[in-house]
Amino acid sequence: MSSFQTLTWLREQKSLRLLDQRRLPAEELVLECCDLQALAEAIKTLAVRGAPAIGVAAAYGVVLGVQEEIAAGNRITRQTFAAILDELAATRPTAVNLFWALKRMKKAGEKGLKNGFDKDDLRDLLLAEADRIYAEDDRDHHQLGEFGAHLIPDGATILTHCNAGALACAEYGTALGVFRAAQAAGKKIKVYADETRPLLQGSRLTTWELLKEEIPVTLICDNMAAHCMAKGLIDLVIVGADRIAANGDTANKIGTYSVALAAQAHSLPFYVAAPTSTIDFSLSDGSKIPIEERDPDEVRFFGEKRTAPAEVAVYNPAFDVTPATLISAIITEKGIFAPDKLSTIR
Ligand code: MRU
C-alpha cells in the first residue's frame, strides 16, 4: 500500500477518483471522473498514465459509460456497449494493458448481455470485473517485486527511466515495486532517476514517489545517463514497459532504448519489470508495436515555458522499442524470464 491513491472507485458517488498526475509534484489534486468522456480525456492528457494504471482506469471507464446510458434511460445494446469500448480504445495506442483490460471488460459485458442484462445487473457485473482487474494488478505487482528484489545486490545503485511506480499502477508499481521489495527485504539501495523529457515523468513523478517511500533518489537529465555509467555510479538498470512483443522487444517511454544501449556499452544488466498483461503475444516483434506520437508543443515547451520557435518542426514519439538483445531479463509476476523464453509463459 502506498501513502497515496493513484485511482479509487468511489462506491457512493459511482465515479473514479484520480490523483491528477499532470499537477504533480507542485500540487496533490484529485480529479473526479463521473462520465466516460471525462475519463477518456484524463487518459489522453496523462492525468492517469503508465500502462497498468491506464488499463485499470479504462476498466472503470466502461462502468462509467454504462452508468451514463442507464441514467439517460437507454437500454444497453451490443452497439452501445461496443461504442463505449471503442471510445476508450482510442485514447492511447501503445500500452497494451489498455486493450487487455478492455478485452476482459468486453468478455464480461457480452456474457451479461447474453444473459439478458441491460441495466443495473450489467453495471454491477462490469464493476465486479473492474474491481478484479484492480486487485489482480496489485497482487501481481507485489509478486513481481518479490522476484525482482532477488536480482538487486545489497548496496546497489539502480537507474530507472520514466515512472513505473505506484503512480503508474493500481497501487504498488513494477520497476519501483522491485525497489520497494528490495528495501523491504533490508537491502540498502539508491536510485538514479532520469528526468524523462518531454513530459518529465522521472523528475515530476518518480522522484516524488521515491522521496515519499524514503528510497534515496538522485535526479539526472536524460543525457547524463551514459556519463553516470562511465563514472561507475550505476550498477544496473530497471525500467517498466508499455508493450512487450512475443520475442521480448519492449516498448517503453522514449529514451529507454538509448539507456539500454548505454548499459550494454558499460556491461551493466538492463532489466524490464512488467506484469504478463503487458506482453502482446499477437505481435512477433517490436517493429509492429504502434508508437504514439504526441502534440509537438510538448517538445517546444519545457513545462509552461516555450523553449523553441513556435513554427519549428517537431517529431514527438512518446515511446521507443528496446530490442530484446539488449534486455538481460524480464521480471514478471510469474517469474524472471530471458526475453527469448517469454513464450514459456503461454
Ligand atoms: O506516457 P506514459 O507516462 O504513460 O508512459 C509510461 C511509461 O512509459 C512507463 O514506463 C510504463 O507505462 C510502465 S508503468 C509500470
Side-chain angles (χ1 to χ4, degrees), residues 2 6-7 18-24 42-58 91-101 137-138 140-142 144-145 148 158-180 191 193-206 208-210 222 237-244 250-260 270-280 286 289-295 298-299 316-322 327 330-333:
S2 326
T6 303
L7 71 185
L18 303 172
L19 178 58
D20 190 342
Q21 300 191 34
R22 299 167 299 192
R23 314 294 285 263
L24 290 173
I43 296 176
K44 282 184 197 160
T45 58
L46 274 57
V48 59
R49 34 99 8 234
I54 294 171
V56 178
T91 52
R92 296 192 73 190
T94 303
V96 77
N97 305 62
L98 170 67
F99 307 99
W100 171 88
D137 179 283
D138 189 36
D140 288 351
H141 295 162
H142 276 86
L144 177 164
I158 311 151
L159 176 70
T160 192
H161 190 74
C162 195
N163 172 267
L167 285 169
C169 304
E171 291 195 19
Y172 193 66
T174 58
L176 270 59
V178 174
F179 306 165
R180 283 198 168 93
V191 176
D194 278 346
E195 180 180 46
T196 318
R197 269 287 281 156
L199 294 182
L200 308 173
Q201 288 91 334
S203 60
R204 293 189 304 105
L205 309 177
T206 296
W208 180 84
E209 203 178 320
L210 291 176
D222 298 328
V237 180
I238 307 186
V239 296
D242 288 87
R243 193 185 297 225
I244 304 173
T250 295
N252 191 47
K253 180 52 58 193
I254 191 76
T256 304
Y257 178 28
S258 0
V259 174
F270 180 94
Y271 298 114
V272 169
T276 51
S277 52
T278 305
I279 306 172
D280 185 349
I289 299 176
I291 300 292
E292 177 181 11
E293 283 186 36
R294 295 186 59 88
D295 185 344
E298 291 181 353
V299 178
N316 184 20
F319 301 94
D320 59 24
V321 176
T322 299
I327 299 170
I330 298 178
I331 306 161
T332 77
E333 79 282 8

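Atoms within a ligand are numbered from 1 in the order they appear, just like the ligands themselves.
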Say whether, by atom type as modelled, one donor and one acceptor occur between the side chain of [X] and the main chain of [Y] under 3.5 angstrom.
X    : Y    : result
H141 : E333 : no
T332 : P275 : no
R180 : Y172 : yes
Q21  : L205 : no

Show which atoms of ligand 1 fall inside a sub-4.0 Å distance from at least one heavy-atom site of [X].
X    : result
A164 : 14 (S), 15 (C)
T174 : 15 (C)
A168 : 14 (S), 15 (C)
F319 : 1 (O), 5 (O), 8 (O)
Q201 : 1 (O), 2 (P), 3 (O)
A51  : 12 (O), 14 (S)

Nearest neighbour in protein (non-hydrogen) for [atom]:
atom                    : value
atom 11 (C) of ligand 1 : D242 OD1, 3.2 Å
atom 9 (C) of ligand 1  : N252 OD1, 3.4 Å
atom 5 (O) of ligand 1  : K253 CE, 3.3 Å

Is it the case that ligand 1 has an N or O less than 3.5 angstrom from some N or O of [X]?
X    : value
R49  : yes
C162 : no
H161 : no
I54  : no

Stepwise side-chain contact (heavy atoms from CB on, under 4.5 Å) test for T322 and Y257:
CA-CA 5 Å; T322 299; Y257 178 28; 3.9 Å; yes
Run the contact test for [X] against ligand 1 with a 4.0 Å cut-off on heavy atoms, strictly below, and give the result.
X    : value
R92  : yes
N163 : yes
P52  : yes
A241 : yes

Verify side-chain contact (heavy atoms from CB on, under 4.5 Å) between L19 and L24, making sure each step is shown before the conclusion.
CA-CA 9 Å; L19 178 58; L24 290 173; 4.2 Å; yes
Please report the C-alpha distance between R197 and V299 in whole Å, then the side-chain angles of each, then the deciding distance to 0.1 Å, and finally whether the side-chain contact (heavy atoms from CB on, under 4.5 Å) criterion is met.
CA-CA 8 Å; R197 269 287 281 156; V299 178; 4.3 Å; yes
Going through the checks in order, is the side-chain contact (heavy atoms from CB on, under 4.5 Å) test met by T174 and C169?
CA-CA 8 Å; T174 58; C169 304; 4.1 Å; yes
Quickly, which of D194, T206, L167, L46 forms a side chain to side chain contact (heavy atoms under 4.5 Å, CB included) with Q201? Name it, please.
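Exactly one pass, corresponding to L46.
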Is it true that the side chains of R204 and N163 contain a donor and an acceptor less than 3.5 Å apart?
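R204 vs N163: no donor-acceptor pair found between side chains.
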Result of checking E292, R294, E298 against N316 for side chain to side chain donor-acceptor pair (under 3.5 Å):
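When E292, R294, E298 are each tested with N316, the side chain to side chain donor-acceptor pair (under 3.5 Å) holds only for E298.
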